[in-house]
K.L.:
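Just passing along the structure, written as structure tokens.
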2 protein chains.
Amino acid sequence: MRPSRKSPNGTTKDLPPEREPLATVIGGTELQIAYRMGYVLNFYREPSFRRIEMELGLTRPEIVTLIFLNFREGVTASEICEFSGHLKANISRGIIALEKKKLIRRAADKTDSRRQQLFMTAAGRALYARYIPALRERERAMLACLTRAERNEFERLLDKLAAHVPQWAALDEL
Amino acid sequence: MRPSRKSPNGTTKDLPPEREPLATVIGGTELQIAYRMGYVLNFYREPSFRRIEMELGLTRPEIVTLIFLNFREGVTASEICEFSGHLKANISRGIIALEKKKLIRRAADKTDSRRQQLFMTAAGRALYARYIPALRERERAMLACLTRAERNEFERLLDKLAAHVPQWAALDEL
DNA sequence: ACCAGAAAGTCTCATATGAGACCATCTCGA
DNA sequence: TCGAGATGGTCTCATATGAGACTTTCTGGT
């Protein structure tokens with residue numbers, strides 16, 4: 001079960017005919033958009049992340065911490081929490097583990113000694129370089145069915161949604 | 001940390017100025033679209049699901065199983081796996097737990113005694129009715145920043161992406 | 001300058017999860 | 001009709017995770 005669906009010969013399997021309606025109707029009455037986002041994202045992200053976990057021995061918080069550090073060094077644990085959606089306890093554990101593996105380096109923030117800035121090591125960068133291409137390639141495959149114009153529009157809409165997250169994310173009464 | 005961001009008085013807090021650039025640039029170099037999808041979806045889904053887990057004592061596989069059964073009774077565990085992205089072991093556990101709580105009912109499939117069709121009980125329907133409105137409302141809030149036209153277009157693009165998932169999801173070499 | 005409260009990060013404990021073995025049943029080709 | 005392989009579902013074990021307590025440091029109002 002799950003994302004990997006290969007027939008014995010390794011080629012993609014045709015969906016059994018009786019299953020099609022389920023695929024198309026699913027979520028038809030409730031949570032249409034949210035359901036579809038989750039559906040697509042799951043198939044994009046889970047297999048890749050599981051693979052990284054198994055092959056490189058990283059946990060999810062460790063993976064995303066390296067992703068964050070790759071594009072901005074010096075961020076703190078709480079910033080990673082803020083934008084990754086992981087709980088701070090898990091990011092904390094991940095950071096401790098990454099440091100133990102010499103993949104990142106920690107430095108106390110001069111202006112606020114509670115904080116610690118994080119930096120990648122060469123080893124960290126090398127490990128990151130080993131798993132990011134597959135993620136990029138898989139993102140490309142996910143989006144391949146859209147035209148360039150559609151992709152741009154999709155990205156624009158996602159940007160808009162992302163920008164407005166703070167306006168409703170705090171409504172945890174819902 | 002995490003989705004809930006309330007200031008002491010309970011109103012939404014303005015983002016600290018130095019954090020804004022991080023939010024906007026994040027994912028700017030890699031996985032732009034996938035990152036944003038994950039970001040938005042996390043803030044939509046996690047708080048709601050955590051809340052349901054805590055208040056109603058359901059696990060995630062149990063939650064999604066009820067959601068699936070709500071709109072189509074008689075589905076099997078493997079169909080739920082197929083479309084929910086959960087591992088079959090977890091769905092299996094969830095189903096066993098749901099039956100134990102009398103929220104669903106199982107019936108052996110006449111034509112294939114390996115399979116078992118699943119049905120909601122009145123209690124299951126009642127419990128579902130207790131948590132789905134919050135999810136609906138939260139989806140509405142998430143999408144509130146889009147115009148109606150944009151929402152339609154977003155949904156159309158998601159449909160297209162979802163329909164093409166089978167074409168690339170099997171590529172687990174990536 | 002002080003104190004109450006917020007924030008950063010770490011820790012503990014119980015639980016949910018992922019991986020994969022396992023059994024029973026079904027399917028399909030020889 | 002038989003047997004090999006696929007499929008549906010369950011189980012076990014190790015691990016990752018969520019909740020929340022706790023410590024230390026910072027901040028803002030008085």
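All heavy atoms count here, side chains included; hydrogens, waters and symmetry mates do not. Below, chain A is the first sequence line, B the second, and so on; all start at residue 1.
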K.L.:
I need the CD-P distance between Gln116(A) and dA7(C), as an integer number of Å.
P.N.:
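Those two atoms, CD and P, are 18 Å apart.
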K.L.:
Taking the minimum atom-to-atom distance to the side chain of Arg50(B), which one of dA19(C), dT10(D), dA19(D) wins?
P.N.:
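Per side-chain heavy atoms of Arg50(B), the pick is dA19(D).
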K.L.:
Atom NZ of Lys88(A) and atom C1' of dA7(C): how far apart are they, to the nearest Å?
P.N.:
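Roughly 7 Å, once rounded to whole Å.
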K.L.:
Provide, to the nearest angstrom, the distance between the CD atom belonging to Glu99(B) and the C1' atom belonging to dG9(D).
P.N.:
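Atom CD in Glu99(B) sits about 13 Å away from atom C1' in dG9(D).
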K.L.:
Would you say Arg114(A) reaches dT24(D)'s phosphate, i.e. side-chain N/O to OP1/OP2 under 4.0 Å?
P.N.:
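False: Arg114(A) side-chain N/O out of range (4.0 Å or more) of dT24(D) OP1/OP2.
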K.L.:
Round to the nearest Å and state the distance from Glu82(B) atom CD to dA6(D) atom C1'.
P.N.:
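So the CD-C1' distance, Glu82(B) to dA6(D), works out to 14 Å.
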K.L.:
Tell me what Ile96(A) touches on the nucleic acid: a base, only sugar-phosphate, or nothing, going by heavy atoms under 4.0 Å.
P.N.:
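Sugar-phosphate contact only.
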K.L.:
Which residues within residues 105-113 of chain B lie with some heavy atom under 4.0 Å of an atom in DNA chain C?
P.N.:
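Within this stretch, Asp112(B), Ser113(B) sit under 4.0 Å of the strand.
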K.L.:
Check this for me, if you would: do Glu79(A) and Arg72(A) make a salt bridge, where the nitrogen-to-carboxylate-oxygen distance has to be below 4.0 angstrom?
P.N.:
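Between Arg72(A) and Glu79(A) there is no salt bridge, as every charged N stays at least 4.0 Å from the carboxylate O atoms.
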K.L.:
Are any of Ser92(B)'s side-chain N or O atoms less than 4.0 Å away from OP1 or OP2 of dT10(D)?
P.N.:
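Yes, such a contact exists.
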K.L.:
Can you tell me how far P of dA16(C) sits from CD of Glu46(B), to the nearest Å?
P.N.:
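Interatomic distance, CD of Glu46(B) to P of dA16(C): 15 Å.
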K.L.:
In plain terms, say whether Glu139(B) and Arg136(B) are close enough for a salt bridge, that is, a side-chain N and a carboxylate O under 4.0 Å apart.
P.N.:
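Not counted as a salt bridge, because no side-chain N and carboxylate O are separated by less than 4.0 Å.
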K.L.:
Just wondering, are more than 12 heavy atoms of other shown residues or ligands nearer than 6.0 Å to CZ in Arg106(B)?
P.N.:
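It does: Arg106(B) CZ has more than 12 such atoms within range.
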K.L.:
Does any non-hydrogen side-chain atom of Leu56(A) lie less than 4.5 Å from one of Ile63(A)?
P.N.:
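A side-chain contact under 4.5 Å is absent here.
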K.L.:
When you check the gap from the basic side-chain N to the acidic O, do Arg50(A) and Glu53(A) get nearer than 4.0 Å?
P.N.:
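No salt bridge links Arg50(A) with Glu53(A).
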K.L.:
Is Asn90(B) close enough to dG18(C) that one of its side-chain N or O atoms is under 4.0 Å from OP1 or OP2 there?
P.N.:
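Yes.
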K.L.:
Among dG18(C), dG8(D), dA6(C), which is the nearest nucleotide to the side chain of Leu87(B)?
P.N.:
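Comparing dG18(C), dG8(D), dA6(C) against the side chain of Leu87(B), the answer is dG18(C).
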K.L.:
What nucleic acid atoms does Ile95(A) come within less than 4.0 Å of, heavy atoms only: base, sugar-phosphate, or nothing?
P.N.:
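The residue Ile95(A) makes no contact with any strand.
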K.L.:
Can you tell me how far C1' of dA16(C) sits from CD of Glu62(B), to the nearest Å?
P.N.:
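One finds 10 Å between C1' of dA16(C) and CD of Glu62(B), rounded.
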K.L.:
Taking the basic N atoms (NZ, or NE/NH1/NH2) and the acidic carboxylate oxygens, is any pair closer than 4.0 Å for Lys101(A) and Glu62(A)?
P.N.:
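So Lys101(A) pairs with Glu62(A) through a salt bridge.
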K.L.:
How many Å lie between NE2 on His86(B) and C1' on dG8(D), as a whole number?
P.N.:
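That distance rounds to 19 Å.
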K.L.:
Thinking salt bridges, do Asp159(A) and Arg156(A) make one under a 4.0 Å N-O criterion?
P.N.:
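Salt bridge: no.
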K.L.:
Is it true that Lys160(B) and Glu150(A) have a side-chain N and a carboxylate O under 4.0 angstrom from each other?
P.N.:
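Yes, charged N to carboxylate O under 4.0 Å.
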K.L.:
Which word best sums up how the rings of Phe68(B) and Tyr35(A) line up, parallel for under 30°, tilted for 30 to 60°, or perpendicular for over 60°?
P.N.:
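The arrangement is perpendicular - the two ring planes meet at more than 60°.
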K.L.:
Please report, rounded to the nearest Å, how far the P atom of dG8(D) is from the CG atom of Leu118(B).
P.N.:
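In whole Å, dG8(D) P lies 13 Å from Leu118(B) CG.
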K.L.:
Answer yes or no: does a side-chain N or O of Arg93(B) lie under 4.0 Å from OP1 or OP2 of dC11(D)?
P.N.:
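So the side-chain polar atoms of Arg93(B) never come under 4.0 Å of the phosphate oxygens OP1 or OP2 of dC11(D).
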K.L.:
Ignoring the backbone of Thr76(A), work out which of dG20(C), dA19(D), dG9(C) is nearest its side chain.
P.N.:
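Among the listed nucleotides, the one closest to the side chain of Thr76(A) is dG9(C).
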K.L.:
Which residues, if any, of residues 52-61 of chain B bring a heavy atom under 4.0 Å of DNA chain C?
P.N.:
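Contacting residues: Thr59(B), Arg60(B), Pro61(B).
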K.L.:
For dG8(D) and Ser78(B) - does any side-chain N or O of the residue sit under 4.0 Å from the phosphate oxygens OP1/OP2?
P.N.:
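Ser78(B) to dG8(D) OP1/OP2: side-chain N or O found under 4.0 Å.
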K.L.:
Less than 4.0 angstrom from a charged side-chain N to a carboxylate O is my criterion; do Glu73(A) and Arg105(A) meet it?
P.N.:
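Arg105(A) and Glu73(A): not salt-bridged.
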